[in-house]
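Order of the sequence lines sets the chain letters (A, B, ...), proteins ahead of strands, with each chain counted from 1.
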Amino acid sequence: MKLASWNVNSIRARLDRVVEWIDRNRPDVLCLQETKVADDLFPREPFESRGYQVTAFGQKTYNGVAIVSRQPAADVVRGLPLPNPDPGSRLLCATVADLRVVNVYVPNGRAVDSPYFAQKLDWLRRLSGYLDETARPSDAIVLCGDFNVAPEDRDVHDPAAYRDQVHCHPEERKALAEVAAFGLIDVVRRHHPESGLYSWWDYRQGAFHRNRGLRIDHVWATESVAARCSGAAIDRDARKGKQPSDHAPVIAEIA
DNA sequence: ATGGTTGCACAGCAA
């Protein structure tokens with residue numbers, strides 16, 4: 001099956017482009033982030049008329065995640081669990097076919113010296129805890145989404161400029177490495193070790209044209225799934241043209 | 001140089 005993850009920066013603003021992308025790429029599962037819409041206003045019809053079902057966990061204005069899938073989504077979980085529920089809609093889990101899909105929109109963190117950065121670290125630690133408590137490394141799991149972290153310097157167009165900055169700070173890289181330590185593999189990196197591969201480019205100053213980007217969107221899989229993964233890629237072309245999202249889709253082909 | 005662009009929602013914040 002083809003699984004993709006895409007931060008669309010508003011599903012309503014991006015609907016035509018997302019639908020066109022689906023028609024062209026025919027994914028079996030499409031995980032969306034930053035849908036920025038309450039569930040009752042999610043534009044379901046274009047997906048349902050194409051044979052997909054939409055499982056949404058959104059909110060007005062900010063955040064929001066959704067799983068668009070050909071096959072039914074079972075055992076849906078919305079949000080990191082109690083006793084400290086996340087006020088933002090940032091985590092959506094569902095079982096599709098034999099895969100446990102965990103779709104996340106990790107907090108941005110804004111700036112390393114801001115309280116939002118501490119909340120980002122806390123959120124990543126809670127994600128680690130959630131995986132440890134609810135899943136096993138031998139399960140067939142895909143963790144994908146906008147992680148808002150560039151794991152290594154080869155994921156950054158200008159590592160010197162980003163050194164110790166948000167998206168690249170050692171503390172968030174460490175927190176993300178703890179998530180990976182559950183037993184998850186970066187499937188894009190497994191197939192593409194080269195630098196210069198990014199998933200997000202700022203809207204400003206021609207960043208995309210100059211390929212000044214960051215690889216902050218990821219598809220990670222447990223070993224049993226990674227072993228079935230015949231290829232993975234970032235669809236850079238989806239960042240081109242009129243009114244794009246600032247992120248490109250990340251795609252994995254899983255047997 | 002602290003700029004610049006986009007989305008939401010209609011001012012100013014978040015990214």
Side-chain angles (χ1 to χ4, degrees), chain A residues 5-21 30-44 46 56-66 79 86-92 103-124 127 144-151 155-158 160-169 171-173 175-176 198-218 234-250:
Chain A
S5 174
W6 195 2
N7 179 325
V8 292
N9 187 16
S10 169
I11 186 59
R12 288 180 291 184
R14 218 65 60 206
L15 186 59
D16 290 349
R17 288 188 67 115
V18 172
V19 168
E20 181 191 29
W21 191 89
L30 176 59
C31 293
L32 303 173
Q33 303 87 37
E34 277 206 270
T35 52
K36 295 187 176 180
V37 65
D39 293 348
D40 58 333
L41 295 175
F42 193 104
R44 296 179 132 81
F57 178 47
Q59 64 187 108
K60 183 181 176 179
T61 309
Y62 303 116
N63 309 315
V65 283
D86 188 345
S89 298
R90 298 182 177 277
L91 177 139
L92 177 62
N103 178 20
V104 297
Y105 174 49
V106 176
N108 175 288
R110 302 194 197 180
V112 171
D113 60 358
S114 78
Y116 299 97
F117 187 75
Q119 290 171 22
K120 179 184 198 176
L121 298 179
D122 182 60
W123 200 94
L124 285 167
L127 176 61
C144 67
D146 179 354
F147 291 20
N148 263 315
V149 180
D155 302 312
V156 183
H157 69 86
D158 187 344
Y162 271 89
R163 182 176 168 78
D164 293 341
Q165 300 299 306
V166 73
H167 304 299
C168 302
H169 192 276
E171 285 293 319
E172 60 192 299
R173 285 178 167 173
L176 190 62
Y198 310 126
S199 66
W200 171 85
W201 301 260
D202 198 287
Y203 281 123
R204 296 168 287 191
Q205 298 188 302
F208 177 70
H209 180 68
R210 300 154 72 193
N211 200 27
R212 297 176 62 83
L214 302 175
R215 196 175 69 94
I216 56 176
D217 301 89
H218 305 288
I234 298 174
D235 184 7
R236 195 177 187 283
D237 287 346
R239 179 64 173 77
K240 298 176 179 173
K242 278 191 60 162
Q243 296 182 311
S245 170
D246 45 353
H247 297 251
V250 186

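- When the P atom of B:dG7 is taken as reference, atom CD of A:Gln33 falls 17 Å away, rounded to whole Å.
- Only the C1' atoms considered, B:dT6 is 22 Å distant from B:dA1, to the nearest whole Å.
- Here B:dG7 presents its C1' atom at 15 Å from CG of A:Leu15, a figure rounded to the nearest Å.
- For the pair A:Gln243 and A:Asp146, both in contact range of DNA chain B, the more 5′-proximal nearest nucleotide belongs to A:Gln243.
- Each of A:Tyr105 and A:Ala13 has a nearest nucleotide on DNA chain B; the 5'-most of these lies closest to A:Ala13.
- Picking from B:dT6, B:dA15, B:dC8 the nucleotide with the shortest atom distance to the side chain of A:Tyr203 gives B:dT6.
- Put simply, CD on A:Gln205 is 7 Å from C1' on B:dG3, counting in whole angstrom units.
- Across the protein-nucleic acid pair, A:Asp202 atom CG and B:dT2 atom C1' stand 13 Å apart, rounded to whole Å.
- Among the nucleotides B:dA15, B:dT6, B:dA9, the one closest to the side chain of A:Arg12 is B:dA9.
- If you check every strand for non-hydrogen atoms under 4.0 Å, A:Phe208 touches nothing.
- With P as the reference atom, B:dA9 and B:dA15 are 15 Å apart, rounded to whole Å.
- Here A:Arg110 reaches the OP1 or OP2 of B:dA15: one of its side-chain N or O atoms lies under 4.0 Å away.
- Contact between the side-chain N/O atoms of A:Thr61 and the OP1/OP2 oxygens of B:dA9 is found at a separation under 4.0 Å.
- One atom, CZ of A:Arg204, and another, C1' of B:dG3, lie 9 Å apart when rounded to the nearest Å.
- To the nearest angstrom, P of B:dA15 lies 18 Å from CZ of A:Phe147.
- Of all non-hydrogen atoms in A:Gln243 and A:Arg14, the two that sit nearest each other are O-NH1, 2.9 Å.
- Checking B:dC8, B:dA9, B:dA15 against every side-chain atom of A:Lys60, the shortest atom distance belongs to B:dA9.
- At least one side-chain heavy atom of A:Arg236 sits under 4.5 Å from a side-chain heavy atom of A:Asn211.
- Ring centers of A:His169 and A:Tyr162: at least 6.0 Å apart, outside the cut-off.
- Rounding to the nearest 0.5 Å places CD of A:Gln33 at 3.5 Å from OG of A:Ser5.
- In this model, no donor atom of one side chain and acceptor atom of the other lie less than 3.5 Å apart for A:Asp217 and A:Tyr105.
- The distance between atom CD of A:Glu34 and atom P of B:dC8, rounded to the nearest whole Å, is 10 Å.
- If you take CG of A:Asn108 and P of B:dC13, they are 16 Å apart, rounded to a whole angstrom.
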